[in-house]
Every structure is written in C-alpha cells, then in structure tokens.
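Since the structure comes first, as structure tokens, the remarks are kept for the end.
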Protein chains: 2
Amino acid sequence: MDWNAVVAANVKRLRIERGLTQEQLAHEAEIDLTYLGGIERGRRNPSVEVLGRIAAALGCHASSLLHDG
Amino acid sequence: MDWNAVVAANVKRLRIERGLTQEQLAHEAEIDLTYLGGIERGRRNPSVEVLGRIAAALGCHASSLLHDG
DNA sequence: ATGTGACTTATAGTCCGTC
DNA sequence: AGACGGACTATAAGTCACA
C-alpha cells in the first residue's frame, strides 16, 4: 500500500471540493506552495504533524487523509 | 491538536490489545525498537510511510492510528 | 497556478549502550 | 519488557529559480 499516493489523492480531492488553489491551501496550512504540490503528486512522505496541519486547513479530520478509495 | 500524542496512545493501546511487546511489533513493522518506543511516548513525529507499516503490523487501517478518543 | 530539480538544515530513523 | 541517551546516517522539512 502506497500511503503517500493515498494522501496525495485525498488532499487534492478535498482541496478542489473546497474550491481552493494549492497556493491558498499551502498558506492556510503554513507550508510552502511547492512542498504541498509535491505531497499532492505523491512525491513527498509527510510527517503526522504536517498531515495534521493540512487536515486543519481543509477543515477535516487528519484520519480522512488516509482513507483509501 | 497534538497528533503525535494521538498516534502514541493508539499504537500503545492496539499493541497491548494484541499481546505484543514493543520488540515484536517493531520487528513486524520493520522499524527500530527504540524508535517505536519513542513513538509510543509521543516524542517522535513519524512519517506517513512508517505509520502505514505500523498499522499493517497491527492488522489495522492506518487511519485508525489517528482516531482520537 | 502548478510541476520540477536542486539545494540546505532539521529531524526521522538506526544502532550501540545503560538503567 | 521498556525508558532513555549518544552518535551516527538517511530522509523529511522547507525554500528557490524556472518551466
């Protein structure tokens, strides 16, 4: 199971559902725009803390970002 | 929200429910024994990939490790 | 608005030990 | 069986210029 790909898909899906750009979400989550882009492409292996910040910015629970489809 | 503390509590609870030692779980998850100990004490900030390996070793979904109580 | 490579610094993660 | 520390090495965190 490639968990980074799961996180990537969930972050991208939820971000678009909320009508946010990568730039806006990155700003909310207080992470760099290019770093968020890397996460959405599954090229990064973020820590639990970063996952939590992104979840908070998306207004969802951190565990939601690990749900596979 | 301190997600590392949430992970710590969940890993410890599930490991004990399954009657495993830290040593056994660390071996199953292919992570270092002392590192797993640090995670269970909330002193570490593991990556999503490590979270997935621990979840697999515990026989649960990775998102379970982020459920708060 | 996003993808990418290269980069530096911080810390994840391992291995040795002691208590 | 588990907490904790020191000294490492690998990689995450965070940033940039440019496509």
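Keep in mind that the numbers below use all heavy atoms, side chains included, and drop hydrogens, waters and symmetry copies. Below, chain A is the first sequence line, B the second, and so on; all start at residue 1.
Judged by closest nucleotide on DNA chain D, B:Ile16 is the one of B:Ile16 and B:Ser47 placed further toward the 5' end. Sequence order on DNA chain D of the closest nucleotides to B:Gly38 and A:Pro46 puts B:Gly38 first from the 5' end.
Rounded to an integer number of Å, the gap from B:Tyr35 OH to D:dG5 P is 17 Å. Between B:Arg44 atom CZ and D:dT11 atom C1' there is a gap of 13 Å when expressed in whole angstrom units. Remark: P of D:dA10 and CG of B:Asp32 are 15 Å apart, rounded to the nearest angstrom. Separating the NE2 atom of A:His27 from the P atom of D:dT15 is a distance of 12 Å, rounded to the nearest angstrom. In this entry the distance linking CD1 of A:Ile54 with C1' of D:dA12 reads 13 Å, nearest Å.
Side-chain atoms of B:Asn45 come within 3.5 Å of backbone N or O of A:Glu49 as a donor-acceptor pair. Using modelled atom types, no side-chain atom of B:Glu40 and backbone atom of B:Gly37 make a donor-acceptor pair closer than 3.5 Å. Listed for the B:Arg15 side chain is a donor-acceptor partner under 3.5 Å among the backbone atoms of B:Leu20.
The CZ atom of B:Arg13 sits 9.5 Å away from the CG atom of B:Leu58 when rounded to the nearest 0.5 Å.
Nucleic acid contact class of A:Arg43 (heavy atoms, under 4.0 Å, all strands): sugar-phosphate only. Residue contacts for A:Ile31: at a heavy-atom cut-off of 4.0 Å it reaches no nucleic acid atom on any strand shown. The residue B:Glu23 sits close only to the backbone: its heavy atoms come under 4.0 Å of sugar-phosphate atoms, none of a base. Residue contacts for A:Asn45: at a heavy-atom cut-off of 4.0 Å it reaches the sugar-phosphate backbone alone, with no base atom in range.
You'll find the ring centres of B:His61 and A:Trp3 inside the 6.0 Å limit.
A salt bridge does not link A:Glu28 to A:Arg53: none of the charged side-chain nitrogens sits closer than 4.0 Å to a carboxylate oxygen.
Listed pair B:Gln22 / D:dA3 meets the phosphate criterion, a side-chain N or O lying under 4.0 Å from OP1 or OP2.
Both B:Met1 and A:Leu14 sit in one connected hydrophobic cluster of ILVMFWY residues. Membership requires side-chain heavy atoms under 4.5 Å apart, directly or through other members.
When DNA chain C is scanned 5' to 3' for any atom under 4.0 Å from a heavy atom of chain B, the first and last hits are C:dA12 to C:dC16.
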